[in-house]
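Structure first, commentary second.
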Amino acid sequence: QVQLVESGGGLVQAGGSLRLSCAASGSISSINFMGWYRQAPGNQRELVATITNGDSTNYADSVKGRFAISRDNAKNTVYLQMNSLKPEDTAVYYCRAHIVVLGTMRFYWGQGTQVTVSS
């Protein structure tokens, strides 16, 4: 019923920037929460940034001041602007959404997009 499609990952040198996008489609009544997580090889998936339907944001300490999350409600899309990238930012980035579908709250993951930062 609902699909999250991510884009924008790639290879960038340290200090560079990337912008990730995650678009939700399907039978959506509302989106209460969207966010980004990341997972490096051998590590657990960790929270990067979140944004509510009221545009309240939260960031992991490791990315605060460098990353910015935003959303476009008309497009059902969340973005992650990543600046001043570091090699330790290298990971697969996953979009997360809490979406009301047919009157029921559902939780979804995007397919993941690879971000690689070279030194």
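Small disclaimer: the values here were computed from a predicted structure and weren't measured. Because only heavy atoms are used, hydrogens play no part in the values below, and waters and symmetry mates are left out as well, while side chains stay in. Heads up: numbering here begins at 1 and tracks the sequence.
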**Asked** Sub-3.5 Å donor-acceptor pair from the side chain of R45 to the main-chain atoms of Q39, do we have one?
**Response** no
**Under 3.5 Å donor-acceptor, T77 side chain and A23 backbone** = no
**Request:** Nearest 0.5 Å please: distance from the OG atom of S62 over to the CD atom of E46.
**Result:** 5.5 Å
**Prompt:** Between E6 (side chain) and C95 (backbone), is there a donor-acceptor pair under 3.5 Å?
**Reply:** yes
**Prompt:** Can you hop from Y59 to L20 via hydrophobic side chains spaced under 4.5 Å?
**Reply:** yes
**Asked** Does S27 reach the main-chain N or O of V101 with its side chain, forming a donor-acceptor pair under 3.5 Å?
**Response** no
**Request:** Check whether NZ of the Lys or CZ of the Arg R71 lies under 6.0 Å from the centre of the six-membered ring of Y79 and within 45 degrees of that ring's axis.
**Result:** no
**Message:** Set out, in order, the CA-CA distance, both residues' side-chain angles and the distance that settles side-chain contact (heavy atoms from CB on, under 4.5 Å) for R106 and H98, then state yes or no.
**Reply:** CA-CA 6 Å; R106 304 289 186 185; H98 300 176; over 6 Å; no
**Request:** Evaluate the criterion side-chain contact (heavy atoms from CB on, under 4.5 Å) for residue pair S17 and Q81; output intermediate values, then yes/no.
**Result:** CA-CA 7 Å; S17 298; Q81 179 66 47; 4.0 Å; yes
**Message:** As an exercise, state the distance from CD1 of I31 to CG of N76, rounded to the nearest 0.5 Å.
**Reply:** 4.0 Å
**Request:** Output, in order, the C-alpha distance, side-chain angles, deciding distance and verdict of side-chain contact (heavy atoms from CB on, under 4.5 Å) for M34 and N53.
**Result:** CA-CA 8 Å; M34 299 189 83; N53 58 357; over 6 Å; no
**Request:** Examine distances only and state if a side-chain atom of T90 and a backbone atom of E88 form a donor-acceptor pair shorter than 3.5 Å.
**Result:** no
**Prompt:** Y94 and C22: side-chain contact (heavy atoms from CB on, under 4.5 Å), yes or no, with the steps?
**Reply:** CA-CA 9 Å; Y94 295 92; C22 174; over 6 Å; no
**Prompt:** Measuring from L4:CG to S21:OG, what's the distance to the nearest 0.5 Å?
**Reply:** 12.5 Å
**Item:** Charged tip of R96 within 45° of W109 ring normal and under 6.0 Å
**Value:** yes
